[in-house]
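Contents: one structure, followed by commentary.
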Amino acid sequence: MSDTTETTPRITPIVVGGTGPATDDELLEGLNPEQREAVVYRGSALLIVAGAGSGKTRVLTHRIASLIKGGEAWPSQILAITFTNKAAAEMRERVGQLLGQVAEGMWISTFHSACVRILRREAENFGFTKSFTIYDSQDSRALVKRIIKDLQADTFGFTVAQVTGKISKLKNELTDVESYARQANFSDPNDAMFVEIFRAYSRALRDANAFDFDDLISQTVYLFRAFPQVAEKYQRRFRHILVDEYQDTNHAQYALIRELTKPPESNELAGIPAFGGGGASLTVVGDSDQSIYAFRGADIRNIVEFERDFPGARVVLLEQNYRSTQNILSAANSVISNNFDRKDKKLWTAVGDGEKIVGFTGYSGHDEAQFVADEIAKLREGGMAYNQIAVFYRTNSQTRALEEIFIRSALPYRVLGGTKFYERAEIKDAMAYLTSVANPFDGLALRRILNTPKRGIGPATETQLASFAERENVSYREAMRRAPELGLGPKVTGAILQLAALLDEATELVTPDRPGGEAPVSEVLALLMEQSGYVKSLRATRDPQDEARAENVEELLAVTKEFNRNNPDGTLLDFLTEVSLVAAVDDLDDSSGTVSLMTLHTAKGLEYEAVFLTGVEEDLLPHRMSASEPGGPAEERRLFYVGITRAKKRLFLSLAMTRAQFGETAVAMPSRYLQEIPAELIDWIQSPGMATSRGGSEPRALNANRGRGSYGGGSRWGNDSGLGIPPGPPRPKTEWANRVTGQVRDNGDLELQPGDRIRHTDFGEGRVNQVTGEGAKRVAHVQFEAAGPKKLLIKIAPIEKI
DNA sequence: GATCCTTACCAGGCC
DNA sequence: GGTAAGGATC
């Protein structure tokens with residue numbers, strides 16, 4: 001054991017409440033030998049190679065609990081890094097349960113949250129203020145766009161996406177402008193121009209008192225390197241560092257961990273040996289088969305070379321899976337085994353084979369979505385709760401077809417991530433007001449609200465204001481207050497002064513030494529929205545969408561109130577930080593009683609009784625873009641693997657033969673990964689071969705392709721392919737036209753009674769068995785002659801009474 | 001400077 | 001199918 005115990009206090013466990021805390025033995029109870037080893041091992045470095053579903057969260061929480069309970073560490077000496085805020089909250093809760101009390105002072109958070117916390121405390125050391133803004137990728141893009149325009153870099157062929165991508169990559173590798181410029185090739189005008197853009201971007205961020213996402217990590221590393229006494233503060237504080245999802249860390253994050261686990265410098269000066277001499281203990285958990293973030297700089301070498309980086313590290317392998325059935329695991333194993341240069345690892349379970357994987361090929365994305373909806377209805381009838389069912393897809397654009405069908409089928413669902421609430425223009429506007437109040441240096445935020453709502457402050461005025469601020473070396477706010485000096489028209493000047501006064505008034509509310517403390521965020525936002533007339537202006541337009549936008553702003557107001565309820569001491573800065581760092585999964589509500597829809601990336605770390613993996617097609621999974629990337633197809637395979645291993649009991653793989661994109665219909669091909677699953681594991685309700693040979697009602701292009709095995713390369717998917725598909729009679733499912741009318745219908749108060757006959761544009765004629773629900777949510781249970789039983793939302797289903 | 005309209009380009013995953 | 005950019009017009 002390292003000598004950390006000498007420097008850390010022994011604490012007596014405090015027993016509080018109900019069932020009481022777990023004893024040492026209880027902490028190990030129910031764990032397998034490897035898991036136990038991972039909990040009790042004490043040394044400077046530990047790598048837990050944890051296959052999917054092998055209970056790593058359990059191991060991590062028990063390990064933390066045992067450190068605290070054994071008196072080896074105070075809660076405040078623990079830093080645990082998770083991938084999402086939700087995972088952090090869960091871990092905190094579970095550790096609390098194990099200890100029988102809330103462990104105060106533990107840092108359990110994401111890399112980004114932890115770094116923001118450090119940066120807010122230390123910002124003043126290096127030219128920022130604690131109220132810095134965090135720029136999300138949209139903000140970064142907006143900034144780069146302006147810079148490219150200003151420098152006329154578009155003539156060099158620079159695009160916003162290219163530049164932001166390259167800057168992000170450089171930052172993740174801890175390359176700042178100066179170090180990049182040092183090795184740049186200035187005889188290449190392109191490279192020289194890029195340096196200029198990069199420099200302008202970095203300066204703009206600094207001037208705006210802002211960090212972009214990548215800065216949060218890299219600037220913390222720079223801070224530690226530039227100010228050893230600051231680094232030492234955190235090196236002394238955190239004695240045990242644990243990092244989850246280590247396979248997805250990038251170089252900057254790796255460097256951060258290295259900085260934090262270094263022995264404090266003053267120890268070295270005092271001649272205390274480095275190894276085991278005061279560096280924090282490091283535990284990392286990961287699975288290289290689940291590395292799916294190379295695109296944002298994750299470096300798989302961090303985990304592969306862990307033992308070399310941290311000599312003497314112990315490695316523990318967790319291979320027993322406690323989540324899925326053997327059929328699901330066998331499929332996963334055989335898929336991932338197609339990736340070379342990986343350490344062979346086979347998941348196994350003791351729970352038995354379980355049901356077969358179900359496969360389905362639809363004629364279109366809508367057909368596929370209908371299959372998903374129908375199967376979910378069956379699962380539900382079989383007693384499965386909606387919130388135990390998830391639908392995964394590779395790209396966010398796939399949600400449209402699913403949503404259309406789900407709404408029609410009256411299926412309660414929730415889309416995680418996607419076009420997020422906080423990415424909406426009106427929400428960004430409202431947030432920009434708050435940002436402008438918190439950080440008066442933030443030009444990007446101010447620019448956003450300067451003429452929103454319309455105040456007659458156009459681009460020309462904006463430029464004048466900006467150059468005045470620069471010339472006089474004052475903040476934008478000050479420049480606005482001195483607007484009369486600009487010699488503009490009385491109307492514009494008045495508008496600027498009014499906005500400045502409003503922002504000043506709001507700033508008053510959040511001044512820390514204000515009598516009664518900072519006003520709640522909701523009060524600040526209400527003032528801003530009220531006085532600026534923003535919401536009023538939205539309600540005044542003829543555009544019907546603006547009404548929805550106004551409601552969204554009201555919703556944001558509700559969010560701030562909720563925030564104030566949950567965080568009575570929460571400041572405006574806390575709110576802005578929280579909003580900046582929410583991840584897609586963070587709005588997952590386990591108690592919502594709805595089906596969850598999300599991308600495969602978002603699905604990592606989650607598990608469901610039943611999983612629908614949709615769009616298993618070439619160009620989608622693997623995604624078209626991945627073909628040209630080194631390691632792309634292998635990463636896509638890992639993504640598929642991650643999706644499969646989320647399923648506990650039931651797994652459905654589906655694809656479509658045609659898919660709408662850009663408003664056009666394109667032909668789709670089955671994914672190469674489907675063949676990597678042994679045929680006997682899949683029960684095809686409708687295989688790709690069957691879909692081609694019997695597509696009686698679909699676009700002519702496909703009907704022309706009639707005949708078994710006529711598509712997808714020979715007989716690969718034909719009935720004679722050895723997939724074991726019985727020839728059987730054509731299913732009725734294939735007999736109706738599969739067109740789905742995209743338009744929103746409104747049947748008004750269409751009254752339906754059991755016994756009524758109706759006609760549906762897709763399903764044909766049927767008889768109403770039952771009507772449930774109230775008002776707009778009335779649902780008709782219909783027995784269709786051809787399509788079987790369906791549930792339909794009466795208000796919007798494409799039906800008529802006959 | 002605002003508004004309306006047409007056109008061009010477009011969506012890969014995310015803290 | 002959706003949006004951002006650019007042009008025409010008031």
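Chain letters run A, B, ... following the sequence lines, proteins first and then strands; every chain starts at 1.
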Atom pairs under 3.5 Å: protein N/O with N/O of nucleotides 7-10 of chain C:
none

Between protein and nucleotides 7-12 of chain B, what N or O pairs are separated by less than 3.5 Å?
unit_1 : atom_1 : unit_2 : atom_2 : d
B/dA11 : N3     : A/S397 : OG     : 3.2
B/dG12 : O4'    : A/H623 : NE2    : 3.3
B/dG12 : O6     : A/E629 : OE2    : 2.2
B/dG12 : N1     : A/E629 : OE2    : 3.1
B/dG12 : N2     : A/R394 : NH1    : 3.4
B/dG12 : N2     : A/E636 : OE2    : 3.0
B/dG12 : N3     : A/R394 : NH2    : 3.3

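A/T461 comes within contact range of the sugar-phosphate backbone alone, with a heavy-atom separation under 4.0 Å but no base atom that close. Nucleic acid contact class of A/F111 (heavy atoms, under 4.0 Å, all strands): none. Residue A/T602 is classed as a sugar-phosphate contact, given heavy-atom separations below 4.0 Å to backbone atoms only. As judged by a 4.0 angstrom heavy-atom cut-off over every strand, A/D214 is placed among residues making no nucleic acid contact.
The CD-C1' distance, from A/E578 to B/dC15, rounds to 14 Å in whole Å. Regarding A/L416, its CG atom lies at a distance of 15 Å from the C1' atom of B/dG13, rounded to whole Å. Rounded to a whole Å, the CG atom of A/N172 is 12 Å from the C1' atom of B/dC14. In this structure, A/I167 places its CD1 atom 21 Å from P of B/dC15, rounding to the nearest Å. The CD atom of A/E423 sits 17 Å away from the P atom of C/dG2 (whole-angstrom rounding). As a whole-Å value, the separation of A/R141 CZ from C/dA4 C1' is 13 Å.
Scored by the ring pair (Phe, Tyr, Trp, His ring centres under 6.0 Å) test, A/Y135 finds no partners at all (sequence neighbours excluded).
Put simply, the side chain of A/N451 never gets that close to the backbone of A/K454: no donor and acceptor are under 3.5 Å apart. Between the side chain of A/N439 and the backbone N or O of A/N209, at least one donor-acceptor pair lies under 3.5 Å. Put simply, the side chain of A/N85 gets close to the backbone of A/L581: a donor and an acceptor are under 3.5 Å apart. The closest donor-acceptor contact from the side chain of A/T614 to the backbone of A/F392 lies under 3.5 Å.
For A/K454, taking side-chain heavy atoms from C-beta onward, the closest of the listed nucleotides B/dT3, B/dC14, B/dC15 is B/dT3.
Remark: A/N250 is not in phosphate contact with B/dC15, judged by side-chain N or O atoms under 4.0 Å from OP1 or OP2.
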A/F211 and A/F128: ring-ring contact (aromatic ring centres under 6.0 Å, His included), yes or no, with the steps? CA-CA 10 Å; A/F211 295 109; A/F128 290 84; 4.3 Å; yes

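Distance check on atom C1': B/dG13 versus C/dA4 gives 23 Å, rounded to whole Å. One C1' atom belongs to C/dG6, the other to B/dA11, and the distance between them is 23 Å to the nearest Å.
Relative orientation of the A/H601 and A/Y293 rings is tilted, given thresholds of 30° and 60° on the angle between their planes.
Each of A/R296 and A/P459 lies near DNA chain B, and the nucleotide nearest A/P459 is the one positioned closer to the 5' end.
Here A/E636 pairs with A/R394 in a salt bridge; the nearest charged N to carboxylate O distance falls below 4.0 Å.
No more than 12 heavy-atom neighbours from other residues, nucleotides or ligands sit within 6.0 angstrom of CZ on A/R301.
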